[in-house]
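Structure first, commentary second.
Here is how names work: the chains are called A, B, and so on, in the same order as the sequence lines, proteins then strands, and each is numbered from 1.
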Amino acid sequence: MGNIDFSLVDWSRAQFALTAMYHWIFVPLTLGLSFILAIMESIYVKTGNPEWKDTTKFWMTIFGINFAIGVATGIILEFEFGTNWSNYSWFVGDIFGAPLAIEGIMAFFMESTFIAVMFFGWNKVSKKFHLVSTWLVAIGSNLSALWILVANGWMQLPGGTKFNPDTARNEMIDFWSVLFSPVAINKFLHTVTSAYVLAAIVVIGISAYYLLKSKHSLFAKKSIVVAAVFGLISSLYLITTGDGSAKQVAKYQPMKLAVMEGLYEGSEGAPLQAIGVLVDAPTDKNPNQKEVKMNIALPGGLSFLSFGDFNAFVPGINDLLYGNSKYGIEPYQDKIAKGKLAIDALRNYRLAKKAGNEDEAKQHLAVLNANYKYFGYGFYSGRSEQELVPDVPLVFYAFHIMVGLGSYFVVFFILMLFLTMKNKIQDNRIILILAVLTLPLAFVAQQAGWIVAEVGRQPWVIQNLMPTIAAVSQISSTNVMITFGLFLLVFTALLIAELKIIFAQIKKGPEAHSGNN
Amino acid sequence: MFENLPLIALQQYWWVIVSVLGALLVFLLFVQGGQTMLGVLSRDSSEKTMLVNSIGRKWDLTFTTLVTFGGAFFASFPLFYSTSFGGAYWVWMAILFAFIIQAVSYEYRTKASNFLGQGTYEIFLFLNGLLGTILLGAAVSTFFTGSQFLVDKMNLVTLDSGNMPVISSWQTPFHGLEAVWTLEHLAFLQNIALGLAVFFLARINANLYFINNINDSQIEKRSRRVLKTNTIFFLIFFLFWVIRLMFLDGFAVNPETKEVFMESNKYLNNLLQMPLVLVLFLLGVVSVLFGIFKGLFTTAKNGIWFSGLGTVLTVLALFFLAGFNNTAYYPSTYDLQSSLTIENSSSSHFTLTAMSYVSILVPFVLAYIFYAWRSMDKKKIDRNEVESDPHLY
């Protein structure tokens with residue numbers, strides 16, 4: 001036992017962020033491209049046109065290169081909950097372990113078994129079995145996304161559980177409310193549709209490169225058609241799930257919403273910032289206050305986005321920190337005091353239990369139950385409430401980048417589809433260059449989205465119940481620094497390898513060997 | 001169905017599931033074993049390609065089994081997850097890094113512009129085979145020799161003076177690496193012996209798998225030859241480990257008070273008191289030996305099925321020895337009462353019930369894996385295939 005080691009907490013967070021962000025470079029492409037492959041192969045099987053087989057095979061090669069590094073960067077994430085967030089693993093392991101295990105049993109085996117058939121089975125199994133395998137790879141990888149996002153959704157809105165003071169952990173009491181938590185479902189839909197959008201943009205970007213070079217034109221146009229349709233449908237759905245996300249954040253994580261918009265003083269008819277710059281504007285009340293300058297704002301927009309009502313009240317960071325009696329918002333210090341009560345009650349309950357004093361134990365239990373929903377705040381007893389505010393600029397900019405790019409992608413897909421349908425795409429160099437330049441932006445939007453979701457909920461590992469300082473494993477921060485460095489080194493080397501191999505494959509282009517099978 | 005079972009029955013059921021996954025994992029480590037023999041078994045690049053592709057179509061399954069083993073352990077015995085992974089940090093990190101570098105190596109090895117070069121990816125495969133097997137074996141051995149940790153759930157509420165509220169804390173700064181130099185009861189010898197036994201067993205299974213999966217007389221001849229050396233080393237380390245285990249003091253649990261205490265010859269007693277496990281163990285060992293016999297002294301190609309089944313049965317029996325019959329499966333030598341048992345480390349009745357329903361899927365999963373493998377392996381890998389197909393590892 002030692003004093004709270006903030007360097008340990010920070011390094012552990014940094015390591016999780018590093019590994020998760022690396023992993024998420026590759027996963028969305030896997031999720032989306034797997035379906036694009038399945039669609040292309042279906043067209044091949046239906047039409048018997050070998051050009052579609054070549055098209056499928058080319059994208060399958062890209063898929064394989066990307067998949068391998070996705071697997072490599074993924075294994076660590078599961079085990080990191082144990083290695084670096086050991087307390088967390090006990091405190092909520094009763095709930096959190098289940099989706100991870102189900103992910104393995106239901107999704108990973110499906111993916112890994114049929115991926116071998118998909119890659120190596122062209123001449124070994126029937127056409128139909130092969131097609132089924134390709135679809136099962138897509139379904140398997142998307143199922144794995146479902147379960148891990150259920151787990152993530154539960155951290156943002158912990159439901160279906162009850163705290164057991166005897167085991168000092170949360171225990172599941174309702175499996176279905178964990179699985180069908182509104183946050184989990186929406187998070188899954190928003191995340192996978194964003195992945196489909198990314199994959200579509202990658203396919204269009206690479207195809208546009210071929211058209212610019214006047215190579216493989218037929219292949220490129222076929223790919224663009226499939227990707228643009230898939231991308232447009234996905235991006236429209238992405239907008240609606242994004243809207244759903246905003247409403248849930250407003251309801252369950254008001255601090256995250258205020259930070260996303262840089263909103264310090266809440267108001268009715270709160271504006272939505274379209275663009276803007278955050279500048280320091282300290283006040284007596286809040287020394288860390290900032291202000292959005294050079295902005296274009298939509299009046300009442302945030303109120304509408306959050307609650308479907310242009311006049312609704314949206315609380316700002318200051319309302320949440322210092323309370324707002326008019327709207328019945330408790331100040332953080334009150335929550336901290338109640339959290340402390342809960343923690344003390346748990347200790348006293350266990351002491352009384354140990355001493356065999358059941359009546360006293362019962363009294364402490366009542367106090368614990370009454371204050372449990374503030375349990376995590378108690379760990380901030382004697383500290384400043386400012387520690388409970390996430391990094392405002394990081395979340396603010398990430399949010400606006402994500403939304404801006406997401407909106408642009410819809411227009412982009414419409415444009416691509418229109419030009420391809422009119423058979424004009426190959427002549428329009430500016431549009432083709434735009435398509436190539438859009439490719440990296442899809443990855444930027446993905447990372448920005450996760451920054452909003454995860455930095456925006458700091459310091460909570462489990463919303464209101466467990467902050468990072470109470471979740472971390474007790475290892476010296478030097479150890480974590482070393483593994484952080486190793487991950488950075490290994491993952492960067494592998495990323496460079498992946499990119500070089502993919503670029504080489506793109507340069508090589510699709511092969512015409514439609515003779516087989 | 002499951003909800004009516006008492007908690008202890010669900011805990012035992014889940015110990016069985018975790019054991020089955022662990023046992024399948026050790027069998028599937030033949031992929032890792034094969035990775036350490038790519039040089040020994042091949043003379044030219046076509047032969048190497050055959051070997052790489054033969055195990056390369058299975059590596060993902062081993063990997064997935066490891067991940068699922070971890071996930072199932074987390075879901076059913078979360079206190080193990082938080083104690084061992086967070087405590088024996090360096091052991092698990094080393095294992096994970098060994099698997100991270102494996103995951104890209106098959107796919108990237110022969111691809112153009114692969115940045116690190118074919119040789120590096122082959123070194124990655126070798127390292128994964130070497131470290132993955134030895135470290136996993138040594139880690140499992142600590143289920144019998146113990147580790148140094150303290151578990152105190154009350155620590156969650158020790159906030160005063162700003163202390164870290166940590167439930168499980170490891171007591172050495174080496175975070176698990178000490179398993180290979182802990183002198184007490186010669187634990188280090190025991191741990192290293194099981195690590196090496198798993199390493200050589202993985203190579204044995206790989207030899208037998210290559211004989212079965214690749215249609216090439218030269219590779220077959222070399223596999224049978226190397227099998228002999230692997231068998232000798234395996235027997236030395238495995239017998240040393242098992243025989244010593246029978247005479248070791250073990251970590252017993254008093255069924256009434258749940259107190260953990262040292263019992264002499266605990267694991268021998270467990271074998272004798274659980275005759276089914278004894279049968280499982282003997283069947284397993286005999287089956288492994290029979291598989292090896294087929295590989296060494298006959299021209300049969302099906303040795304892998306016997307050694308594979310035998311591996312699964314033997315490992316199952318060892319897990320049962322560690323966890324059943326009032327035994328602490330993850331003992332602490334630092335504080336006996338912190339030792340983990342299937343009773344004090346498990347998930348709640350509700351979660352175990354829910355997960356038990358999920359476990360019904362397992363036979364279906366095994367069935368489609370078996371079906372897919374059969375469809376793919378009907379035609380054996382041969383020189384002709386690797387020299388004509390451009391889409392190989």
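We find the CZ-OG1 distance between A:Phe109 and B:Thr68 to be 4.0 Å, quoted to the nearest 0.5 Å. In this structure, CZ on B:Phe85 lies 11.5 Å from OG on A:Ser86, to the nearest 0.5 angstrom. Note that the CD1 atom of A:Ile75 and the CD1 atom of B:Ile95 stand 9.5 Å from one another [nearest 0.5 Å]. Considering NZ of A:Lys124 and NZ of B:Lys379, their distance stands at 5.5 Å, rounded to 0.5 Å. Remark: A:Glu498 CD to B:Asn114 CG distance equals 12.5 Å, nearest 0.5 Å. Rounding to the nearest 0.5 angstrom, the gap separating the NZ atom in A:Lys500 from the OG atom in B:Ser113 is 6.0 Å.
For a residue to count as touching a neighbouring chain, one of its non-hydrogen atoms must lie under 4.5 Å from one of that chain's; by this rule B:Trp373 does not touch chain A. The parts of B:Leu66 that come within reach of chain A are both its backbone and its side chain, each placing non-hydrogen atoms under 4.5 angstrom from that chain. For B:Phe80, no part lies near chain A; criterion is any non-hydrogen pair under 4.5 Å. Both the backbone and the side chain of B:Thr65 come within less than 4.5 Å of a heavy atom of chain A. Of the atoms belonging to B:Tyr121, it is side-chain heavy atoms, and not backbone ones, that fall under 4.5 Å from chain A. Only the backbone of B:Ser345 comes within less than 4.5 Å of a heavy atom in chain A; its side chain stays farther off. Residue A:Ser133: no heavy atom, backbone or side chain, is found under 4.5 Å from chain B. Contacts of A:Val92 with chain B are absent, with no heavy-atom separation under 4.5 Å from either backbone or side chain. When heavy atoms are compared at a cutoff of 4.5 Å, B:Lys153 approaches chain A by way of both its backbone and its side chain. Contact annotation for B:Val104: both backbone and side-chain heavy atoms come within less than 4.5 Å of a heavy atom of chain A. In this structure, chain A has heavy atoms under 4.5 Å from both the backbone and the side chain of B:Met376. Proximity to chain B (any heavy atom under 4.5 Å) is restricted, for A:Ile115, to the side chain, taken from C-beta onward. Within the 4.5 angstrom heavy-atom criterion, atoms from both the backbone and the side chain of A:Val117 approach chain B. Proximity to chain B is limited to the backbone of A:Asp174, based on heavy atoms less than 4.5 angstrom apart.
By the 30° and 60° cut-offs, the orientation of the rings of B:Tyr393 relative to A:Phe120 is perpendicular.
Within the 4.5 Å cutoff, the side chain of B:Met154 has heavy atoms near those of the A:Arg347 side chain. For the pair B:Trp59/A:Val71, a side-chain contact is recorded, criterion being any heavy-atom separation below 4.5 Å from C-beta on. You'll find the side chain of A:Met172 stays beyond 4.5 Å of the side chain of B:Ser347, heavy atoms only.
Two rings, from A:Phe487 and B:Phe97, have their centers less than 6.0 Å apart. Ring to ring, A:Phe114 and B:Tyr368 are close: their centroids are under 6.0 angstrom apart. B:Tyr371 has its ring centre less than 6.0 Å from the ring centre of A:Phe129.
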message: Let's go through B:Tyr81 and A:Phe81 carefully: what are the C-alpha distance in whole Å and the side-chain angles of both, what is the deciding distance for ring-ring contact (aromatic ring centres under 6.0 Å, His included) to 0.1 Å, and is it a yes or a no?
response: CA-CA 8 Å; B:Tyr81 209 78; A:Phe81 293 113; 8.0 Å; no

- request: Carefully, step by step, assess A:Ile105 and B:Val362 under the rule side chain to side chain contact (heavy atoms under 4.5 Å, CB included).
  value: CA-CA 7 Å; A:Ile105 294 170; B:Val362 171; 4.3 Å; yes

task: Please test A:Trp90 against B:Ser168 for side chain to side chain contact (heavy atoms under 4.5 Å, CB included), starting from the C-alpha separation and ending with a verdict.
output: CA-CA 9 Å; A:Trp90 174 248; B:Ser168 298; over 6 Å; no

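With sequence neighbours excluded, the residues satisfying side-chain contact (heavy atoms from CB on, under 4.5 Å) with A:Met106 are A:Ile102, A:Trp147, B:Leu361.
Highest contact tally toward chain B, considering only A:Thr113, A:Asp94, A:Asn84, is held by A:Asp94 [criterion: heavy-atom pairs under 4.5 Å].
Side chain of A:Gln474 to main chain of B:Trp170: no donor-acceptor pair is present (N/O by atom type, distance under 3.5 Å, no hydrogens or angles).
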